[in-house]
Structures are given as structure tokens and as C-alpha cells.
Amino acid sequence: MPDPKLSEKRWDKAFESELFKQWQRDGIYSFDKRAQDIFSIDTPPPYASGTWHMGGAAHYSQIDMIARVMRMFGKHVLFPFGVDRNGLPIEVRTEQDNNISMHDVPREEFIAMCKKTLDRYKMEIAETAKRLGLSCNAWDVKHEVGGAYTTDDPEYRRLTQATFLELWKRGLIYEDNRPNNYCPVCRTTIADAEIEYTELPTKLNSLRFRVKESGEEIIIATTRPEMLASCQAVLFNPSDERYQHLEGKHAIIPLYDRAVPLMAHPSAKPEYGSGLVMVCSYGDYTDVLLFRELGLEEVILINPEGRMTERVGKYAGLTPVEARKAILHNLDGLGFLVKQEQLMHNTPTCWRSKNPLEIIPMPEYYLKQTEFIDDLREVAKEIRFHAPVSKNMLDAWLDAVSMDWPISRRRYYATEVPLWYCEECGKPLVPKPGKYYQPWREGPPAGSKCECGSSSFRGEERVFDTWMDSSISEVYILGKLWDEDWFGKHFPCSLRAQGKDIVRTWLYYTLLRAYQLFKKRAFDHVWISHHIIGADGRKMSKSLGNVVMPNPMLDKYGADTLRLWSCMEASFLKSDLRCSEERIAGNGKFLTKLWNTARFISSFPEPAEPAELQEADKWILAELESLKGSALSGLEEFDFFVPASGVWDFVWNKFAPHYIELVKKRAYDGDAAACWTLHECMRTVLKLMAPMTPYITDKIWLGVYSGKSIHLERFPEKDESRKDDGLLKRGVALMDFNSCVWKQKKDAGQPLNSEVSVSIPANLSVFADDLKRMHNIT
RNA sequence: GGGCCCAUGGUCUAGCCCGGUUAGGACAUCUGCUUGACGUGCAGGGGAUCUCCGGUUCGAAUCCGGAUGGGCCCACCA
């Protein structure tokens, strides 16, 4: 081989960190606000806790590919790196690490502890992100467009508060003391969107009640016997013949000896249990509706600590589960328990703590959302979804939203609700937006006075739901805080890239907030990725032993291999990706192949102009053109399976074994047509692969073609003149012919370079010269 | 209970929208090979009644209907 420009014999993942440093030094991904043709990408800031999982690594790699694709389509890409540091997981982690409960420690102190926890984690995430080769605009710069950000930054929080104050001004926020989902473990109200339903075993208990007027015995089935004390009615279906005579009578609650009305109501299903149902405050959401509808008096049985209140009598202080056990024991002892059936119950649980929820009334702030659902349905139609079917997930949630969004929480490490209350008349004092307020530790703005004349205020102690922060991420990254004009020009954000699991939270809330604030869609494109799961098709979990972590994979195989794997496994937009080390490793082979192909080609000079092309050259250019077409359309869809597998197929199944072998002899002779075509194919392949495998492509590019990074290049233009379907067909025959000759020599036990006597079919006569030299045909 | 998606060799998948190819590839497996770059390579082989049943059609993996089996999302069954 003549001197190759690439001296190393194979791709070495150790080049990756060098290249990353060089990119940073040259600032090739930095963001310039003055640029035209902006493409902005809003990504889920990864949660700061712990190391990155495979899902995060693959997910972010692919978002990075989108950023690189848009750059190569000529856009100036806003792609900031963010880290999420708000919310419950940090608090829970801090509580565990320090073996304390948040409420046992002064607020100030607890927040300091959270910060300490966070600082331990922060670097780890960023380091993995860098190793993956993410082309984020900046890693250290803060507080400007393109800068890295954290969601607990006072700047971010002041934006959250400013948007809250704006919505307050527009009358979209109100306070209400209504029964709501409450997580006793997190000790806070949560929104419907934060509920996860889990199938949990429970017992359906049939209890013996008596009818006060007749002394008749009736059976009532319940899964929540500990709620007996709050029972205010017993219902039967109006069509249920068995119970018509009970109308207007009363049932006596066992243990508590209290009489409650028996009534007909359609919500009681005759076929379930005994057909009689007790209504308690609050066993489930139906109870809430019934209490409201029937005007029943609410009895609070569970306190904010998740313990039974005085109203349950001797079970006070127990948790609901303990109380259930105790009360069942008592009921059984007194003969009230008739039977128990085991059943699975789709139980609402907290998505953070995974614990069953209770329904407890608590005064909370609400953001109106139900009246915006129809508008959001229209907004969603203006957005291009990748893949299009993913829009179904959003539509399904829009159909399900039934009540306004409770936005206040009773936690510490989060953005504060920026309000004070007059000590005299209780009226809220609403500060001007623009500053980060912490009402629990500071007074209202100097000189504040209530309408009633008082200047004595009490600070609000509640904080916001984390989604109040997250749902304005696109507003934050587009720099509304720092440059209102620029923001106005570049909103909506070009793209939201996120996982399918947070459609009803992050995506939905962002669209809601953007619509409320700006009457516009938040994004032009929404890209929804699926999950990374274990090789066995199940969710990765330690107990199943199917966990693969990104850092060890990066150590062993490098970022490009990992990135290529995420493209090659399947379409991330259409299905979950199964992950096994074996399959990741296999992708490294393609990098070796690509490297060697490039190294070989680099040993031939690249003519400035294509000379008179021969038929074989025209054939591979036609193949290249067809690859360009399919790959570019896949890239436009942000679906990397098509371009990656297309390039793989082109290089490994057509270009290297057939075309290169065909023109090798010509190339050695210095034929300009062959040399030019080899380089043309290689340049195109490198560019098409650059977004997916940014390291190896740049290393080759810099080594062979340019002093400047491939990541500053544009995608090759399509060239209609190279299309030739007839030639493509002939190419297939050509490849078949090659296989035939190879097989013939193999069957004859001859080496591949031996002389052979075969006749070249008429339709391949145009390739005759190349074929003769390739196969040594005499 | 409602909705959405899916079903292709041992495994993961492409093709299906716009019916007609020996159903393509990767991984695994088997055999052989220094071929002027690559043994992390090259060449070749074996392996699929395209879940099932109907229908449309000259012709169905592809279109239509149904069944079965998965997955996901939503929903107040006590």
C-alpha cells in the first residue's frame, strides 16, 4: 500500500478525549446570539443524583446527534447543557445520607445539606456527558444564552417565580382547600400527572352492618376498613331489587355505633361485592365526588404525617396499614367480619416515592388548566412529532385531565411560592417579578404595605411543584431573563427532545405554560424517544441482573461504539431498545472497518476534478446517491436507524467488497477516476456518519481531508445527475457475478487471486476491464 | 373498562404506507481462506409454512375482517 495518511492501524478509542478537548479549544460548538438560522433544542436536564444509566446515555447521545444534524444542515444550534437539581429525590437522598427527617432540621440547615449532597453528584453527570461527546454549547459558562444551567440556580428560580406572578396577575391561580392526592412519605400534595398506578394485592373485606330501623343485617364490602369512622352514607344501585326497601333507612357502622343514611345512587355497582358501598372521606376519588354531590360532612382520618387522627378513636397515631390490621382484628373478634377475599387493586402511588397515596384535603394553590385543554389540542396539531404516532400519548393525556393543577408543595428544596400575607387581614402581598424571593426567610420588598394599612407580613412557606420549574425550560434556555427581544424573535423553541415517560408531565405542562404565557405552541418539533431495556426485554433492574451501565461500556468500547449501537439496534422513535454488552461490542467492528477503508483510500491522492468516469465509478456513485437520499431523509426525521444501517450496508456490503476490489488495480495505477470516486464516497460516508459517530469521523477527516473539523461541514448536496436505476440493477448483477466467481474459486480450492476462466455476461460487459483485473480472468 | 402500538430464521430487526424480489441485514452458529487496506478481516453454508383463520386479488409478509398472544398509555370499581 502507498503511504496512508492515517498512520495508526486501527481506530483507538483513546483518540476520543483528545478530540473532545480540541473541539472545546476551538469552540466549534459555541453559541453566538448574533447568528441567523437558529435551531434551539430543549433537552431534559438529567437529574443530578447518582451516575447516568444506559437510558440517559443513549438518549442524550441521540439528542446530540440531532444537534449535529441541524448544524450540518446549516443551522446555528442552541444546545445548552442543564442539570436538574430540584425536587424530591435530592431531599430524600439527603434524608437517607444524613439519617434524618427533613422536618426535624431547621429549613436553612436542611437546604445546606441538600446542596452538599448535590455537589457530590454534579461532576459525575457532566463527565459522562463529555465522554459521550455531547456538542453542548458550553460547560462552564452560566447565565447567558447557550450557557450551562442548573434548575436550582437563583436565576432559574426567579424566572419560575416571575412566570407565576404573571399568571397570578391574569387570574389563573387560585387557592382551594379540596381533597387531593397526598403522599404521606413525601408529605406533600401531588398532581394527577404524578400518580403512577401499580397493581398491588389487597383484601376485600365483607363487613356486617345493621339497619337501624329494622335490625336487619346487611353486608358491605370494603378494602379500607380503617376508614369506617368517616363513613357518611351507604349506597345501593337504584335498580338493585335487593335493597329497594332500604331507601330512607339508616345503617349502623360497626365499632362506632353511628347511623348513616342508606341511599340509592347509580355509582354503586350491583355486581361488585354485596352491591352495597360505603362512602368515606376519602377512600378514593369516587368518594370525593360523592361527598361533594351529596353534601356530606367530611371527616379527616389521616393527618399530613400519614397517621390516623383522633377521629378513629383508639387507632389514632397508627399508619393506615397498621390501623387496617388492628381494626380488622377487632371486627373479626366481635363477629363483624364475614369474609375476606384476596384481590389485586390498581392502586394510585406516588411516582417519586412509589408509595400508595391518600386523599387528604389541604389548602393548595392551583393553576387553571381544564379550560385550556381544547386550545392545547389545537396547539398540538401545529407541532411536528417524531415519530408522528407519539402524539397519541399527549392526546390521551389531554383527554384525561379533569381538574386544575395543584402547584404548591410542602417541601424545602424547591422554588419558593413568592407571596407574603398580611398579619392583620390575611390578604396576600404579591411582589413584582424580577427578583428571586424566599419569603420563609426574608421579609417582603422594603416599604410594602397592605391595603388595610398594616405593614406586618408573614412569609409563605410552601414551594412549587418541580414541574413549575421544568415546564419553562424552553423559556429559560431561550434567555428571556437576559434578553427579552432576542427571546421574542426566537420563541417558539425549535425542538423538545424527551422520553416517552414524561409526556403527561414535562411535555404537557410546558405546552400549557407556554400557551398561557405567550398564546403559542412551545415547540416546532417534539422528539419522543423510547426506553433502554434489558437484553431480556424487561426493564433493567439489579434484581434481574440485566443492568448495563454506560461508564464501563465507555471504558471498554468508547463513545462512538456506544452511540453507533444506539442507532443500529432499532429505531429509538418506534420501540424500546434492548441492551446487552455483546451487541454493543459488535458495533466496534464497524468502526474498525470504516477506519481501515479510510486508511486504504487515504493512500491514494485525491484528484481535484473527477476524470472521465468509468461505468463502475458511475455505479457506486449511483449507489452513493441512493444512500444519500435515504440517509438524509432519516436524519431529517431525527431517526438514526435508517442512516446508520444505510451507511453500514453501503460500506460493508457494497463499497468495500465490490467497488474497492473492482477498482483497486486502477487505483494503484493512479487512475484519476477511481481515486476521485473513492474519495468522493469516503467524504460522503464520513459526513453522513459524523452526527452519529463524531469522533472517528473527525479523526479521519482531520487526518485525510482538512485542517478543520468535519463538524463545521455541511451535508453533501443531492446530485440528481448521478441517479441511475438501470445502473443500480446492473450493480446487483455485478455483485452476484462477483459472488459466483468467488464461489467457483473456493469450490475449486483455489486462492482468490488465482487465474480463472469465465465469461462475463453481456449485461456486465461495461465493467469488463475492471472485472478481468479484479478476478484475474483470462 | 377505554385507547394506542406490535407480532418476520436461535436472538434483535428491515421490508408493509404505494401488493409481484431467491423475504434483506446484524448478532449467534457451521465450513473454508494471507486476497497488493482491514483475522475487530475475507469468502461461503445452514437455518423463517413472515402468529393463526378467513376475505379481496391472476398474485398477500404487504390491503381488509376476525382470533390469539405481547407491550404501552389512560380510567373513581368500593
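Chain naming here is simple, since letters A, B, ... match the order of the sequence lines and numbering starts at 1 in each.
In this structure, CZ of A/F640 is placed 17 Å from P of B/rA14, rounded to the nearest angstrom. As a whole-Å value, the separation of A/D736 CG from B/rG44 P is 10 Å. If you measure from atom CZ of A/F572 to atom C1' of B/rU13, you get 16 Å, rounded to the nearest angstrom. The distance from atom CG of A/D240 to atom P of B/rC77 is 20 Å, rounded to the nearest whole Å.
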Just the table, please: protein N/O against nucleotides 68-74 of chain B N/O, every pair under 3.5 Å.
{"from": "B/rC74", "atom 1": "OP1", "to": "A/R504", "atom 2": "NE", "distance (Å)": "3.0"}
{"from": "B/rC74", "atom 1": "OP1", "to": "A/R504", "atom 2": "NH1", "distance (Å)": "2.2"}

Under 3.5 Å, N/O pairs linking protein and nucleotides 35-43 of chain B:
{"from": "B/rG36", "atom 1": "O2'", "to": "A/Y668", "atom 2": "OH", "distance (Å)": "3.0"}
{"from": "B/rA37", "atom 1": "O2'", "to": "A/N596", "atom 2": "OD1", "distance (Å)": "3.3"}
{"from": "B/rA37", "atom 1": "N7", "to": "A/K664", "atom 2": "NZ", "distance (Å)": "3.4"}
{"from": "B/rA37", "atom 1": "N6", "to": "A/E661", "atom 2": "OE2", "distance (Å)": "3.4"}
{"from": "B/rA37", "atom 1": "N3", "to": "A/N596", "atom 2": "O", "distance (Å)": "3.3"}
{"from": "B/rC38", "atom 1": "O4'", "to": "A/N596", "atom 2": "OD1", "distance (Å)": "3.0"}
{"from": "B/rC38", "atom 1": "O2'", "to": "A/N596", "atom 2": "ND2", "distance (Å)": "3.1"}
{"from": "B/rC38", "atom 1": "O2", "to": "A/K593", "atom 2": "NZ", "distance (Å)": "3.0"}
{"from": "B/rC38", "atom 1": "N3", "to": "A/K593", "atom 2": "NZ", "distance (Å)": "3.0"}
{"from": "B/rU40", "atom 1": "O2", "to": "A/T592", "atom 2": "OG1", "distance (Å)": "2.8"}
{"from": "B/rG41", "atom 1": "O3'", "to": "A/K593", "atom 2": "NZ", "distance (Å)": "3.4"}
{"from": "B/rC42", "atom 1": "OP1", "to": "A/K593", "atom 2": "NZ", "distance (Å)": "2.7"}
{"from": "B/rC42", "atom 1": "OP1", "to": "A/W652", "atom 2": "NE1", "distance (Å)": "2.7"}
{"from": "B/rC42", "atom 1": "OP2", "to": "A/W652", "atom 2": "NE1", "distance (Å)": "3.4"}

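Contacts of A/F209 classified as ring-ring contact (aromatic ring centres under 6.0 Å, His included), with partners at least two apart in sequence or in another chain: none. With sequence neighbours left out, the ring-ring contact (aromatic ring centres under 6.0 Å, His included) criterion links A/W676 to no other residue. Checked against ring-ring contact (aromatic ring centres under 6.0 Å, His included), A/Y668 has the following partners two or more places apart in sequence or in another chain: A/F604. A/D404 meets the side chain to side chain donor-acceptor pair (under 3.5 Å) test with A/Y174, A/T370; sequence neighbours excluded. Listed by chain and residue number, nothing satisfies the salt bridge (charged side-chain N to carboxylate O under 4.0 Å, His left out) test with A/D192 (two or more places apart in sequence, or in another chain).
Counting only residues at least two apart or in different chains, salt bridge (charged side-chain N to carboxylate O under 4.0 Å, His left out) contacts with residues 271-280 of chain A are absent. Within the structure, side chain to side chain donor-acceptor pair (under 3.5 Å) contacts touching residues 626-641 of chain A (residues at least two apart or in different chains) are A/R384-A/E637, A/H386-A/E637, A/S571-A/D639, A/E625-A/K628. Legend: salt bridge (charged side-chain N to carboxylate O under 4.0 Å, His left out) pairs involving residues 283-296 of chain A, not counting sequence neighbours: none detected. For residues 589-606 of chain A, the pairs satisfying side chain to side chain donor-acceptor pair (under 3.5 Å) are A/E606-A/R683, with sequence neighbours left out.
Taking every heavy atom of residues 277-288 of chain A and every atom of RNA chain B, pairs under 4.0 Å involve A/V277, A/D284, A/Y285, A/T286, by number.
Counting only N and O atoms by type, the side chains of A/S566 and A/Q62 include a donor and acceptor under 3.5 Å apart.
Across all strands shown, B/rU68 pairs with B/rA7; the Watson-Crick or G-U wobble distances both stay below 3.5 Å.
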